[in-house]
Amino acid sequence: MILVTGGAGFIGSNFVMQWCAQSDEPVVNLDALTYAGNLSNLKSLSGNLRHHFVHGNVCDGPLLHQLLADHQPRAIVHFAAESHVDRSITSPDAFIETNVVGTFRLLEAARNYWNSLLGPQKDAFRLLHVSTDEVYGTLDPTDPAFTEATPYRPNSPYSASKAASDHLVRSYYHTYGMPVLTTNCSNNYGPFHFPEKLIPLMIVNALAGKLLPVYGNGQQIRDWLYVEDHCAGICRVLEAGACGETYNIGGWNEKANIDIVRTVCHLLDEMAPASERKVINQSTGKVVKSYDELITHVADRPGHDLRYAIDAGKIERELGWKPVETFESGIRKTVAWYLSNQEWVTGVMDGSYRDWVAKQYEIGKK
Ligand code: NAD
Ligand code: TYD
């Protein structure tokens with residue numbers, strides 16, 4: 001079996017569902033169920049005996065030791081993290097705790113467990129650490145894309161905490177010979193994406209007639225990858241990646257934020273016309289004609305990275321992975337998913353979510 005951490009979050013839950021659909025191997029899913037973790041993401045697995053959920057914290061060393069001893073996993077896939085840059089700017093503590101201390105605790109428990117294994121079991125064990133392209137810092141418009149050799153230059157408390165965790169993982173390979181793998185992926189999008197991040201926030205706000213807050217001029221560029229392609233990349237690295245190596249995963253889809261927001265608006269105009277739904281612009285009280293009239297530019301994010309771009313050549317060449325979705329097919333599926341899963345959206349937007357949005361966009365006002 002495998003142990004997954006953070007499997008009730010956006011990418012982790014997509015990974016666990018994909019895993020259970022494609023493999024008979026059981027999964028133990030350890031998640032603290034922070035505001036970003038939702039058991040409703042895993043509803044399709046209820047009654048599936050190959051999925052075993054454990055409510056717990058990756059910072060809890062004794063719990064990790066116990067889980068590893070009890071379940072004897074052949075691999076660990078580590079997603080658990082605080083993941084939202086804006087939250088890392090207002091409250092960095094949890095990022096240091098989960099992303100740095102949590103990863104350290106997991107490495108220690110895994111080292112202890114791995115040392116207890118013998119022969120083929122020991123040789124086969126892997127720990128895969130899921131990280132981000134944000135550790136590489138920012139690019140100018142004409143710079144070449146990030147490769148695995150690009151120096152780390154993190155610019156936010158989030159990316160700095162992920163960089164620290166990547167360094168710890170690396171050190172466990174070089175110092176202890178632990179069979180670790182690291183993936184650095186670009187921005188994901190798709191089903192179960194918590195509506196504090198750009199794409200789901202824009203969909204949810206637009207349907208409610210709320211303003212669509214674009215930071216600064218909206219010309220910042222991200223590379224976007226459909227979440228299921230990321231999960232398939234992680235599986236491939238787990239299966240065939242070389243220990244101690246890092247693999248960049250990306251979609252070859254660089255887009256400016258403002259273009260992403262306009263694309264979402266145009267898809268909503270087509271799939272859920274505001275006039276038919278009688279969407280009222282919450283700021284003017286008038287019926288919305290086209291969702292893009294809700295776009296508003298707000299104060300920029302402090303230290304906002306201008307551009308991320310991933311060179312995914314290594315994983316393509318060495319492991320034969322390639323994304324299946326284009327941005328056009330993936331974003332259409334994503335918008336359609338949000339339209340058919342309004343109940344999920346309402347369910348995850350609890351009181352703490354509303355407090356965060358009120359605080360963040362009060363700060364973010366021009
Ligand atoms: P998410 O915020 O949606 O989910 C994180 C999950 O981790 C939640 O279920 C949460 O409850 C859990 N968690 C948080 N703290 C925990 C703790 N102390 N102990 C146990 N569980 C805890 O994040 P995501 O977008 O799914 O990202 C997953 C991983 O992928 C993260 O490591 C992130 O850095 C990385 N990543 C994300 C993206 C992206 O675009 N979202 C891109 C590249 C890499
Ligand atoms: P986000 O989804 O938070 O991911 P990340 O910061 O990890 O890239 O943001 C994606 C881009 O969208 C980023 O450049 C910030 C911008 N953004 C906005 O313009 N408005 C928003 O309300 C949010 C949440 C993000």
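As the structure lists them, so they are numbered: ligands from 1, and atoms in each ligand from 1. Computed from a predicted structure; not experimentally measured.
- Looking at every heavy atom in both residues, Val135 comes nearest to Ser159 through CG1-O, 3.8 Å.
- Using a 4.0 Å cut-off between a side-chain N of Lys or Arg and a carboxylate O of Asp or Glu, Glu245 and Arg126 do not qualify as a salt bridge.
- Looking at Cys59 next to ligand 1, no N or O pair under 3.5 Å apart turns up.
- Residue contacts with ligand 1 leave out Thr5, since none of its heavy atoms falls under 4.0 Å from the ligand.
- The pair Lys333-Glu325 counts as a salt bridge, with a side-chain nitrogen and a carboxylate oxygen less than 4.0 angstrom apart.
- Each of the atoms 3 (O) of ligand 2 lies under 4.0 Å from some heavy atom of His84.
- Interface atoms of ligand 2 facing Leu201, defined by a heavy-atom separation under 4.0 Å, are 22 (O).
- Taking a 4.0 Å cut-off on heavy atoms, Phe192 fails to register as neighbouring ligand 1.
- With respect to atom 22 (O) of ligand 2, the closest heavy atom belonging to the protein is Tyr361 OH, 2.6 Å.
- When the heavy-atom distances from atom 3 (O) of ligand 2 to Met202, Arg307, Arg301 are ranked, the shortest goes to Arg301.
- Protein heavy atom in closest approach to atom 21 (N) of ligand 1: Ala32 N, 3.1 Å.
- Among Gln360, Arg222, Lys255, the residue whose heavy atom lies closest to atom 8 (O) of ligand 2 is Arg222.
- At the shortest separation from atom 12 (O) of ligand 2 among protein heavy atoms lies Asn257 ND2, 3.3 Å.
- At a heavy-atom distance under 4.0 Å, no atom of Tyr158 approaches ligand 2.
- Under 4.0 Å from ligand 1, not a single heavy atom of Ser13 appears.
- Only the side chain of Tyr158 comes within contact range of ligand 1, with a heavy atom under 4.0 Å; no backbone atom does.
- Ligand 2 places these atoms under 4.0 Å from at least one heavy atom of Val214: 19 (O).
- Exactly one residue among Trp356, Phe10, Tyr353 makes a ring-ring contact (aromatic ring centres under 6.0 Å, His included) with Phe194. That residue is Tyr353.
- In terms of polar-atom proximity, defined here as any N/O pair under 3.5 Å, Pro213 does make such a contact with ligand 2.
- Of all atoms in ligand 1, listed by their number and element, those nearer than 4.0 Å to a heavy atom of Leu33 are 11 (O).
- Nearest-heavy-atom check against atom 7 (O) of ligand 1 across Gly7, Gly6, Gly102 picks out Gly6.
- Remark: ligand 1 and His193 share no N or O pair separated by less than 3.5 Å (distance only, no angle test).
- Of the protein's non-hydrogen atoms, the one nearest atom 4 (O) of ligand 1 is Gly9 CA, 3.4 Å.
- Heavy-atom contacts of Lys197 reach the following atoms of ligand 2: 2 (O) (cutoff under 4.0 Å).
- Of all atoms in ligand 1, numbered sequentially from 1 with element shown, those under 4.0 Å from a heavy atom of Ala80 are 7 (O), 20 (C), 21 (N), 22 (C).
- Of all heavy-atom pairs spanning Lys197 and Ser83, the tightest one is NZ-OG, 3.0 Å.
- For atom 19 (N) of ligand 1, the closest non-hydrogen atom of the protein is Val58 N, 3.0 Å.
- Put simply, part of Phe79 is less than 4.0 Å from ligand 1, judged by heavy atoms.
- Residue contact check for ligand 1: Ala94 places no non-hydrogen atom closer than 4.0 Å to it.
- Less than 4.0 angstrom separates some heavy atom of Val130 from each of these atoms of ligand 1: 30 (O), 32 (O).
- Nearest protein heavy-atom neighbour of atom 4 (O) of ligand 2: Asn187 ND2, 3.4 Å.
- At the shortest separation from atom 9 (O) of ligand 1 among protein heavy atoms lies Asp31 OD2, 2.6 Å.
- Hydrophobic clustering (ILVMFWY, side-chain heavy atoms < 4.5 Å, transitive): Phe125 and Leu128 are in distinct clusters.
- Considering backbone and side-chain N/O atoms, Ile11 comes within less than 3.5 Å of an N/O atom of ligand 1.
- The protein non-hydrogen atom at the shortest distance from atom 5 (C) of ligand 1 is Ala81 O, 3.4 Å.
- Every atom of ligand 1 is numbered from 1 in the order shown, and the set under 4.0 Å from a heavy atom of Gly56 is 19 (N), 20 (C).
- Scanning all protein heavy atoms for the shortest distance to atom 25 (C) of ligand 2 gives Tyr215 CE1, 3.6 Å.
- Atoms of ligand 2 lying under 4.0 Å from at least one heavy atom of Glu196, given by number and element, are 24 (C).
- Close approach of ligand 1 to Lys162 (heavy-atom distance below 4.0 Å) involves ligand atoms 31 (C), 32 (O), 33 (C), 34 (O).
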task: Run the numbers on Asp86 and Arg301 for salt bridge (charged side-chain N to carboxylate O under 4.0 Å, His left out), then give the verdict.
output: CA-CA 7 Å; Asp86 293 322; Arg301 171 187 281 173; 2.7 Å; yes
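- A salt bridge links Arg236 and Glu239; the closest N-O separation between the charged side-chain nitrogens and carboxylate oxygens is under 4.0 Å.
- Set against the non-hydrogen atoms of Ser131, the atoms of ligand 1 under 4.0 Å away are 43 (C), 44 (C).
- When hydrophobic clusters are built by joining Ile, Leu, Val, Met, Phe, Trp and Tyr residues whose side-chain heavy atoms come closer than 4.5 Å, directly or via intermediates, Leu181 is not grouped with Leu117.
- The nearest non-hydrogen atom to atom 13 (C) of ligand 2, considering only Glu134, His304, Gln220, comes from His304.
- Residue Thr98 has at least one heavy-atom neighbour below 4.0 Å for each of these atoms of ligand 1: 15 (N), 16 (C), 17 (C), 18 (N).
- Glu108 has a carboxylate O that lies under 4.0 Å from a charged side-chain N of Arg111, or vice versa, which qualifies the two as a salt bridge.
- Atoms of ligand 1 found under 4.0 Å from any heavy atom of Asn187, numbered from 1 in the order shown, are 40 (O).
- When hydrogens are left out, the protein atom nearest atom 1 (P) of ligand 1 is Ser83 OG, 3.5 Å; that is the closest non-hydrogen contact.
- A 6.0 Å sphere centred on NZ of Lys322 holds no more than 12 heavy atoms belonging to other residues, nucleotides or ligands.
- Checked by distance only, ligand 1 and Asn188 come closer than 3.5 Å through their nitrogen or oxygen atoms.
- For Thr34, a nitrogen or oxygen atom sits less than 3.5 Å from a nitrogen or oxygen atom of ligand 1, counting backbone and side chain alike.
- Looking from atom 2 (O) of ligand 2 to the surrounding protein, the closest heavy atom is Leu198 N, 2.9 Å.
- Close to ligand 1: Ala8, with a non-hydrogen atom less than 4.0 angstrom away.
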